[in-house]
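Below: the structure, in structure tokens.
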Amino acid sequence: MGWKITVDVDKCTGDGECVDVCPTEVYELQDGKAVAVNEEECLGCESCIEVCETNALTVEEV
Ligand code: SF4
């Protein structure tokens, strides 16, 4: 089992809050948008969801 991360690029402002908060460095900013480059490292803690001001992130168990 793992976690599937979806970034709504229309909502993402690229403020980097998810990059800073994620304990396992899942995210990276690319061209001003968050990209889940290490999705397999996700713990499902939902910290990124809590800090995202535009609700651009979805984390679901798969
Ligand atoms: S749910 Fe937690 S571990 Fe997963 S990407 Fe978000 S902050 Fe990182």
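Scope of the values below: all heavy atoms of this structure, side chains included, with no hydrogens, waters or symmetry mates. Counting starts at 1 for both ligands and their atoms, following the listed order.
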Inset, instruction - Please state which part of Ile5 comes within less than 4.0 Å of ligand 1, counting heavy atoms only: side chain, backbone, both or neither. - result: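 Under 4.0 Å from ligand 1, Ile5 contributes side-chain atoms alone.
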
Legend entry - Which segment of Trp3 sits under 4.0 Å of ligand 1 when only heavy atoms are counted: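 None of Trp3 does.
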
Exam field: side chain [X] to backbone [Y], donor-acceptor pair closer than 3.5 Å:
| X | Y | value |
| --- | --- | --- |
| Gln30 | Val35 | no |
| Ser47 | Cys22 | no |
| Lys33 | Val9 | yes |

Legend entry - Thr24 side chain near Asn38 side chain, heavy-atom distance below 4.5 Å: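 When only atoms from C-beta onward are counted, Asn38 and Thr24 do not touch, as no gap falls below 4.5 Å.
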
Inset, instruction - For the residue pair Glu61 and Met1, establish whether any side-chain heavy-atom pair is separated by less than 4.5 Å. - result: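 In short, these two side chains touch, coming nearer than 4.5 Å.
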
Under 4.0 Å to a heavy atom of [X] - the qualifying atoms of ligand 1, by number:
| X | answer |
| --- | --- |
| Glu46 | 1 (S), 2 (Fe) |
| Thr24 | 3 (S) |
| Tyr27 | 5 (S) |
| Cys22 | 3 (S), 5 (S), 7 (S), 8 (Fe) |

Legend entry - Under 2.8 Å: N/O/S of Cys48 next to atom 4 (Fe) of ligand 1: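 So Cys48 does not bind atom 4 (Fe) of ligand 1 by this criterion.
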
Legend entry - Cys52 SG to Leu57 CG distance, which is reported to the nearest 0.5 Å: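 The SG atom of Cys52 sits 4.5 Å away from the CG atom of Leu57.
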
Inset, instruction - Around atom 3 (S) of ligand 1, find the nearest protein heavy atom and jot down its residue, atom name and distance. - result: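 Sorting protein heavy atoms by distance from atom 3 (S) of ligand 1 puts Leu43 N, 3.2 Å first.
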
Legend entry - Nearest neighbour in protein (non-hydrogen) for atom 4 (Fe) of ligand 1: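 Ranked first by proximity to atom 4 (Fe) of ligand 1 is Cys42 SG, 2.4 Å.
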
Inset, instruction - Using 2.8 Å as a strict upper limit, say whether an N, O or S atom of Cys45 approaches atom 2 (Fe) of ligand 1 that closely. - result: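 So Cys45 counts as coordinating atom 2 (Fe) of ligand 1, yes.
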
Legend entry - Glu40 CD: over 12 foreign heavy atoms closer than 6.0 Å: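 For Glu40, atom CD is crowded (more than 12 foreign heavy atoms under 6.0 Å).
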
